[in-house]
Protein chains: 2
Amino acid sequence: MTGNATLYDVARAAGVSLATASRSLNGSARKVNEEYRQRVLAAARELGYTPNVSAQAVARGSSATVALLVSDITDPYFSAIAAGVIRAADDEGLNVTMAVTERDADRELELVRLLRGQRPRVLVLAGSRFTDGTGDAALVAELDSFAATGGRVVLISRHSFSFDTVAIDNTGGAGALAASLAGLGYRGFAILAGPANLVTAQDRAAAFTAALPVPPVAVVHGAFSRDAGYAGMLELIDGGLDGIDLVFAVNDVMAIGALAALRDRGIEAPGRVAVAGYDDISTARDVSPALTTVRVDLESAGAAAVGLALGSLEGPVSIPAEVILRASTPGR
Amino acid sequence: MTGNATLYDVARAAGVSLATASRSLNGSARKVNEEYRQRVLAAARELGYTPNVSAQAVARGSSATVALLVSDITDPYFSAIAAGVIRAADDEGLNVTMAVTERDADRELELVRLLRGQRPRVLVLAGSRFTDGTGDAALVAELDSFAATGGRVVLISRHSFSFDTVAIDNTGGAGALAASLAGLGYRGFAILAGPANLVTAQDRAAAFTAALPVPPVAVVHGAFSRDAGYAGMLELIDGGLDGIDLVFAVNDVMAIGALAALRDRGIEAPGRVAVAGYDDISTARDVSPALTTVRVDLESAGAAAVGLALGSLEGPVSIPAEVILRASTPGR
DNA sequence: CTGTTAGCGCCTTCAA
DNA sequence: TTGAAGGCGCTAACAG
């Protein structure tokens with residue numbers, strides 16, 4: 001009742017050996033006399049026994065956990081991925097341990113090291129790589145070493161030769177979006193392109209640009225955040241908005257920031273400028289005007305990551321993108 | 001390089017004993033010859049040594065982990081709390097493992113059991129209790145037993161005699177909000193009250209009601225979600241909206257759903273009905289009209305939880321609430 | 001099918 | 001200060 005009961009306690013209470021207790025409680029191959037088994041289960045319940053997973057991990061050499069690294073858990077993009085990872089892990093009886101990189105490559109590397117200390121069964125890295133490959137070599141070395149010891153690593157939205165990957169369709173979606181918008185009659189495009197060194201951001205901006213009938217009028221860089229979207233939009237507004245009739249933000253949170261900036265400055269959206277984003281986070285439909293965007297099922301991306309790691313899914317996995325036209329881009 | 005280096009490997013490489021290696025790498029009391037210490041550190045770096053935290057946990061009897069239980073990580077309310085917990089834990093060198101209850105009491109109990117298996121140093125439960133006390137006894141027993149073995153448990157937004165608690169000011173905030181709105185001239189109040197069996201939801205609804213100059217015209221229950229807010233608002237609309245000039249949703253996601261319902265039905269907000277929420281999630285200011293709400297610093301609530309658990313903070317902690325008036329309640 | 005017995009990797013007295 | 005050795009709780013051969 002008070003102290004944590006150990007397997008040994010359970011075994012003794014049930015009048016069986018440690019091994020038998022282990023086998024009836026946690027063992028994989030079930031070859032235990034049913035009567036013993038029941039006695040053990042009863043004793044375990046009686047004593048409030050909880051297997052010490054650390055001890056199990058030590059004995060087995062690997063723990064029933066999946067380690068998840070995200071850039072920022074308050075970002076709906078990552079919380080959706082996390083939800084998928086947690087759900088899928090849970091279905092497989094795995095625990096999830098999580099850390100936040102804050103989009104800092106050094107910190108990311110350090111956290112991977114830390115997380116490795118848990119000897120997790122799988123390590124999922126969500127979040128785009130930097131274009132300049134900052135710290136890439138060290139990270140890859142760390143991941144390689146982890147994989148070499150039997151760990152599975154899965155990257156979400158990050159290309160790699162050596163690891164399983166859940167690709168998010170950035171180029172296809174951005175291209176399709178550009179085509180749709182052009183079809184709607186827009187001709188003056190500005191892009192809130194996000195961080196110049198973030199692969200995802202650049203892929204989206206580049207693909208969007210490539211699919212445009214005319215070159216964009218303006219491209220402004222900044223962080224991947226709501227506030228950066230706000231600031232970027234302000235910059236465009238202060239630039240006069242000349243020839244701009246549509247602003248594409250490379251993700252929804254930036255787009256939502258842009259809408260806020262327009263509202264604060266009293267500029268009509270979509271009347272004066274239309275706005276589009278990417279990801280289809282849940283609030284995209286709840287802002288006003290409702291946001292045109294590209295839907296990506298992030299939650300299933302997270303789930304797919306653990307599926308890949310556990311072999312219940314065959315790679316490579318690519319999460320499709322679908323253009324969602326809403327009120328923020330009515331066409332002209 | 002390939003296999004995971006163990007402490008023993010490091011010790012051998014450095015030409016010292018296991019104990020010395022342990023002391024220079026992870027030991028608390030620092031009483032190691034500086035030269036040895038350096039040799040050990042060098043060897044560790046050389047070999048890419050990562051301490052096996054499971055083994056440490058087994059040896060020490062507790063792991064450097066805080067286990068966090070939330071209802072739904074995609075809900076901004078909980079992701080903010082999670083962010084605070086993760087940040088604070090990280091500052092203390094603790095890992096965070098997380099699980100999602102989906103607001104199911106049985107599942108919650110099961111997850112607490114599972115998490116206990118990790119022998120975490122602290123266990124944080126975020127999310128309101130049910131008013132009917134479903135499964136309360138079993139949960140408390142489980143928590144008591146955990147505490148008895150030296151674990152720290154902290155509850156966020158949940159009352160308890162025996163455990164540390166981070167209180168969220170639901171009654172004060174809701175009362176203040178009601179007073180503000182009454183002062184603005186509103187007189188016809190409807191409440192989207194959320195789940196009838198969730199303490200937080202009921203506290204807010206009750207305190208709001210109590211501080212009103214007149215009884216509410218309508219109270220509709222439902223889930224704690226955006227969609228339930230939408231559905232609830234629809235219900236009010238279909239009821240004719242008679243005498244209603246303000247709708248208070250007990251949390252922001254519901255309020256945002258309500259706003260969406262109004263928009264979809266072509267009813268002007270705040271012209272015809274004003275709307276207010278609770279929590280001040282980040283999108284509250286980005287919807288249109290911007291949402292009047294009650295700000296609660298959820299991230300610091302999460303951080304406070306680990307502070308309490310680690311004793312770096314004295315309890316009881318109460319997170320204050322502050323009324324934030326925005327465009328959704330202009331006054332009449 | 002059951003029990004005995006090594007470990008797993010690490011921490012921590014206990015002598016030296 | 002250092003090293004040897006026992007033990008943490010559990011699993012997995014290995015014999016019976």
Interatomic distance, [X] [atom1] vs [N] [atom2] [rounded to whole Å]:
X: B:N52; N: D:dG9; atom1: CG; atom2: C1'; value: 14 Å
X: B:Q118; N: D:dC10; atom1: CD; atom2: C1'; value: 15 Å
X: B:Y8; N: D:dA4; atom1: OH; atom2: C1'; value: 12 Å
X: B:N4; N: C:dG9; atom1: CG; atom2: P; value: 9 Å
X: A:R12; N: C:dT2; atom1: CZ; atom2: P; value: 20 Å
X: A:R23; N: D:dT11; atom1: CZ; atom2: P; value: 11 Å
X: B:L7; N: C:dT12; atom1: CG; atom2: P; value: 12 Å
X: B:R116; N: D:dG9; atom1: CZ; atom2: C1'; value: 15 Å

Residue [X], side-chain heavy atoms: nucleotide from [options] that is nearest:
X: A:Y49; options: D:dC10, D:dC8, D:dA13; answer: D:dC10
X: B:V16; options: D:dT11, C:dC10, D:dG3; answer: D:dG3
X: A:S17; options: C:dT4, C:dG9, D:dG3; answer: C:dT4
X: B:N33; options: D:dT11, D:dT1, C:dT2; answer: D:dT1
X: A:T20; options: D:dC10, C:dT2, C:dC10; answer: C:dT2
X: A:A19; options: C:dG9, D:dT11, D:dA12; answer: D:dA12
X: A:T6; options: C:dG3, D:dG9, D:dT2; answer: D:dG9

Return whichever of B:L18 or B:R60 has its heavy-atom-nearest nucleotide of DNA chain D closer to the 5' end.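 Of the two residues, B:L18 wins.
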First of B:Y36 and B:R119 reached from the 5' end of DNA chain D, by closest nucleotide: B:Y36
May I ask you to decide whether [X] forms a salt bridge with [Y], counting only side-chain N to carboxylate O separations under 4.0 Å?
X: A:D72; Y: A:R103; answer: no
X: B:R158; Y: B:E108; answer: yes
X: A:D9; Y: A:R12; answer: yes

Are a donor atom and an acceptor atom from the side chains of B:T149 and B:R119 found within less than 3.5 Å of each other? no
Return yes if a side-chain donor-acceptor contact under 3.5 Å exists between B:S79 and A:T74, otherwise no. no
Please determine if a side-chain N or O atom of B:Q56 lies less than 4.0 Å away from the OP1 or OP2 oxygen of C:dC11. yes
Does B:N26 make a side-chain N or O approach to OP1 or OP2 of C:dC11 shorter than 4.0 Å? yes
What contact category does B:S22 fall into here, base, sugar-phosphate, or nothing, at under 4.0 angstrom with non-hydrogen atoms? base
